[in-house]
Visitor: 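One structure coming up, written as structure tokens, with questions to follow.
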Number of protein chains: 2
Amino acid sequence: MCTFSFFPFLRAQSRGMIKCKKCNQVEFIQKSGIMRGKQRYYCKSCDYHFTIGDENTPQEPKRHHEVTIMDIARQLGISKSTVSRALRGHTDIHEGTRQMILDLAKELDYEPNPLANALLKRRTNIIGMLVPEFRHYFFPTIIMGAQAVLSKAGYNLMIFQSDESYETEVANVKALLRSRVDGLLVSITGKTENFDHFRTVLQKEVPLVFFNRVCPELETPQVIIDDYSGAFQAVEHLIEQGYRRIAHLAGPSILQIARLRMQGYVDAMQKHGLPMDESLIVYHDLTEENARLCARHLLDLPQPPEAIFAVNDPSALEVLLLAKQRGIKVPQDLGIVGFSNDPVSALIEPSLSTVDQPVWEIGEQSALLLLEQLDQPRVETKVLQTRLIVRDSSRRKG
Amino acid sequence: MCTFSFFPFLRAQSRGMIKCKKCNQVEFIQKSGIMRGKQRYYCKSCDYHFTIGDENTPQEPKRHHEVTIMDIARQLGISKSTVSRALRGHTDIHEGTRQMILDLAKELDYEPNPLANALLKRRTNIIGMLVPEFRHYFFPTIIMGAQAVLSKAGYNLMIFQSDESYETEVANVKALLRSRVDGLLVSITGKTENFDHFRTVLQKEVPLVFFNRVCPELETPQVIIDDYSGAFQAVEHLIEQGYRRIAHLAGPSILQIARLRMQGYVDAMQKHGLPMDESLIVYHDLTEENARLCARHLLDLPQPPEAIFAVNDPSALEVLLLAKQRGIKVPQDLGIVGFSNDPVSALIEPSLSTVDQPVWEIGEQSALLLLEQLDQPRVETKVLQTRLIVRDSSRRKG
DNA sequence: AAACCTATCGGGAAGGTTCTCGAAACGGGT
DNA sequence: ACCCGTTTCGAGAACCTTCCCGATAGGTTT
């Protein structure tokens, strides 16, 4: 209904009456291509290119942003340096000024932005933690122990789980590194044979502490338990109970904990002059299904074992369950000892003998060791003690 | 051994022969105080203050810094904008240039700095997760479910546990907010009555999803299970088995899950015309010790219950253990049903009847819901189904 | 009063990105 | 030569903080 005549500026534009943004002249304007969809003009007079923008679009009112150190400075008419000093508790600042700043900061509910800080200082105050699994009580408890120490020291925890997959482990380490964590707490999978991803960590000088499942090739601080003597005691206990044909449900031999427990088993057998039967040693990869298979394999043996020492409680439990299912009497006809003292071991019937390890403390000590590394890189190995707990699954004397 | 004469500049300095840093003149110099331990001078001629610095100290070779977008730009003689465009997969870039940049980036092992990115974009790609505890399988499993979804979407997880302490919960929420997480996944403690800390979250427009133990006062998205009908079924099952005097070991009534399970209990009792005996309802705060106390209280009653419906499996287990310890026959003389289907329930003897809930899925769904919130804030409640699992602890018929 | 000193504050760079917007280069058509 | 359009690139701001170092205002000493 309305015609152009009512909108002179529209007419001007529609007829090419474009004014130069600089000199406001019209006669020297010519088109000069299209710029992201908009017509572009060129003023010969002042040698200036321009497009007709939406300068009239109501500029949003300085988008919502959180209160910064600059806001405080502006309101107080001082510089951001001074505010920073006051907030950081620095010296070189007047007591009155500091109070002013502190008061306003509280009033505005100012929270320092850790991102800006991290960018500048190159430390995120985040510790990365990588565990193989979450299913049983073991690793969650370690995490709790580590978190107690770390959060007291002002660090947050970023947790990943590799799910016993080497590929996931590699990917997780990469992700952790990308996130610029200040340090790493790691327990490897049962399948990790190549340690290049950890070499990268070391090369980037990111502090790295292994716990429980440690890396045998790398010179790094670590927290382990006395696997060997734990295993030795367990097997010796079985021998004392009169079991002779003792099997070992072992872990993957690439894991140091598995090798040491195996060695304890072997040495205890030899010490008591018992013959080593290779067929009584089976390896599993620490997954639940695989443990079940191995348990079946052992009990299906033409000449089944009289007792089984398992590398950890979850696998010992699989043996126990299968035995119960088949009506095999534990401990009379089959002795079982596990490793790690999972709470379930005490609840099940018959209760499971096992080797106790200070799980929470593993977490604590790992965290403490890592905290040390942040100051002073120094390779150290902490060894925590184990303790045999004899329960019903292996007690057939006294 | 050496005298000043061999070091004319030293003599000059020692005699006050200081040259102005600007005009190089000597005669107009005078001391003007001490500046952070160093003598400070003033040149009257050019009105200039200065100190004699260690300009000759060998400037460290530009301290080790990680490879940035600028390094690539410099080596290629192009601008950082172009590099950023190539790396981001933007358009507006020559294919040859892009290849060059991509190749060099790979060669230099360039990793974008997420901190800088986060600072600029105001998103950290970190999701905060707050759970009451870590001890049982429940929350770790939820975390696994959530992590599976979130890491696929490019988010990392920062996990805190409140340890059933209100104060810790408040502190953790603050820490999470301070860390500028992009979103929050929360299950509250059994003691949380004041929700101001979550109001702060909402006010800062940080997406917040509650799961399992949700907040009754706030209008937020949440993932829950059908507690009421789960409880109802459980109690009805007990009634069908011929139990009449049924107790409820309840959770803290401020928790919605506890209230709903209580309601299920009450309604099932009423439906079957069973009298409500207030003394048969005891509340516990979800800690282990307290559960033990409550179990003892119930069994010590002058007229003890014939069956107990417990608010969760850990507390049901306490009842079961105490009963076994006292030689009470389960299920003949005492029926027990728990809630949540902890794996231990199937292992213990007698096996524990319980209400199964899709734990992993709770984590998944919560994560998905949070992911939605990041795009489009929208209040939604997802309700997952429960399923009664009848085991030995409550089966005395059929 | 000049010389010197201390206490307090401000300016600006750095940290690594992304994004906006303007500029240059280029290609083809008159 | 000129015009017009496209493709490709660069400068610089913004994000927020800390830290270095120079600057200033007073006071105190000769």
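Lettering follows sequence order; numbering is per chain, from 1.
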Visitor: Has B/Glu219 got more than 12 heavy atoms of other residues, nucleotides or ligands less than 6.0 Å from its CD?
Guide: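 For B/Glu219, atom CD is not crowded (no more than 12 foreign heavy atoms under 6.0 Å).
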
Visitor: Within this structure, what is the CD-to-P distance between B/Glu95 and D/dT8, rounded to whole angstrom?
Guide: 9 Å

Visitor: Give the rounded distance in Å between these two atoms: CZ of B/Arg122 and P of C/dT17.
Guide: 19 Å

Visitor: Taking NZ, NE, NH1 and NH2 as the nitrogens, is one of them in B/Arg180 or A/Glu66 under 4.0 Å from a carboxylate oxygen of the other?
Guide: yes

Visitor: Rounding to a whole Å, what distance do you find between A/Asn117:CG and D/dT17:P?
Guide: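 Taking CG of A/Asn117 and P of D/dT17, I get 9 Å after rounding.
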
Visitor: How sharply is the helix from C/dA1-D/dT30 to C/dT30-D/dA1 bent, taking the axes over five pairs at either end and rounding to 10 degrees?
Guide: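 Taking five pairs per end, the axes differ by 70°.
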
Visitor: B/Leu120 has an atom CG; how far is it from atom P of D/dC15, in whole Å?
Guide: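 Atom-to-atom, B/Leu120 to D/dC15, this comes out as 9 Å.
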
Visitor: Roughly how many Å is it from CZ in B/Arg85 to C1' in C/dC19, rounded to a whole number?
Guide: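 It is 9 Å, rounded to the nearest whole Å.
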
Visitor: Apply salt bridge (charged side-chain N to carboxylate O under 4.0 Å, His left out) to the pair B/Asp196 and B/Arg199, showing each step before the final yes or no.
Guide: CA-CA 5 Å; B/Asp196 285 347; B/Arg199 269 182 257 275; 3.2 Å; yes

Visitor: Checking side chain to side chain contact (heavy atoms under 4.5 Å, CB included) for the pair A/Glu169/A/Phe198: CA distance, chi angles, key distance, verdict?
Guide: CA-CA 10 Å; A/Glu169 180 178 285; A/Phe198 295 122; 3.5 Å; yes

Visitor: We want to know whether B/Ser179 and A/Asn156 form a side-chain donor-acceptor pair, criterion being a heavy-atom distance below 3.5 angstrom.
Guide: yes

Visitor: For a quick check of understanding: with a heavy-atom distance under 4.0 Å over all strands, which category does B/Pro112 fall into, base, sugar-phosphate or nothing?
Guide: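 Here B/Pro112 touches the backbone only, sparing every base.
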
Visitor: What is the distance from atom CG of A/Leu185 to atom CG of A/Leu150, rounded to the nearest 0.5 Å?
Guide: 6.5 Å

Visitor: Between B/Asp71 and B/Arg74, is the closest basic N to carboxylate O distance under 4.0 Å?
Guide: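 Result for this pair is yes, salt bridge flagged.
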
Visitor: Nearest whole Å is fine: how far is C/dT18 C1' from B/Met70 CE?
Guide: 14 Å

Visitor: Test side chain to side chain contact (heavy atoms under 4.5 Å, CB included) on B/Ile159 and A/Leu157; report intermediate values, then the result.
Guide: CA-CA 7 Å; B/Ile159 302 173; A/Leu157 219 46; over 6 Å; no

Visitor: For DNA chain C, which residues of residues 99-111 of chain A approach it to below 4.0 angstrom with any heavy atom?
Guide: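 Listed by number, there are none.
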
Visitor: Look at the side-chain N and O atoms of B/His90 and state whether any lies under 4.0 Å from the OP1 or OP2 oxygen of C/dT18.
Guide: no

Visitor: Could you give me the CA-CA distance, side-chain angles and deciding distance for A/Asp182 and A/Val206, then say whether side chain to side chain contact (heavy atoms under 4.5 Å, CB included) is met?
Guide: CA-CA 6 Å; A/Asp182 288 344; A/Val206 176; over 6 Å; no

Visitor: Checking side-chain polar atoms at under 3.5 Å, does A/Thr82 have a donor or acceptor matched by the opposite partner on A/Ser79?
Guide: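 Yes, a side-chain donor-acceptor pair sits under 3.5 Å.
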
Visitor: Which parts of residues 77-84 of chain B get close to DNA chain C, meaning a heavy atom less than 4.0 angstrom away?
Guide: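 Result for residues 77-84 of chain B: B/Lys80, B/Ser81, B/Ser84, sorted by number.
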
Visitor: A/Thr124 and A/Ala118: which non-hydrogen atoms are nearest, and at how many Å?
Guide: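 In terms of heavy atoms, the two residues are closest at CA-CB, 4.0 Å.
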
Visitor: Which listed nucleotide (C/dC19, C/dC9, D/dC9) is nearest to the side chain of B/His94?
Guide: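 Among the listed nucleotides, the one closest to the side chain of B/His94 is D/dC9.
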
Visitor: Please state how far atom CG in A/Asp92 lies from atom P in D/dG22, giving the value in whole angstrom units.
Guide: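 Taking CG of A/Asp92 and P of D/dG22, I get 14 Å after rounding.
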
Visitor: Between C/dT18, C/dC9, C/dG16, which nucleotide has the shortest distance from any of its atoms to the side chain of A/Leu119?
Guide: C/dG16

Visitor: Taking all non-hydrogen atoms of both residues, which atom of A/Met129 and which atom of A/Ala146 are closest, and how far apart?
Guide: CE-CB, 4.0 Å

Visitor: Classify the nucleic acid contact of B/Thr97 as base, sugar-phosphate or nothing, counting any heavy atom under 4.0 Å across all strands shown.
Guide: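 The residue B/Thr97 makes sugar-phosphate contact but no base contact.
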
Visitor: Taking only the side-chain nitrogens and oxygens of B/Thr68, find out if one of them lies under 4.0 Å from OP1 or OP2 of C/dG15.
Guide: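 No, B/Thr68 has no side-chain N/O under 4.0 Å of OP1/OP2 on C/dG15.
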
Visitor: Using atom CD1 of A/Ile93 as one end and atom P of C/dG10 as the other, report the distance to the nearest whole Å.
Guide: 9 Å

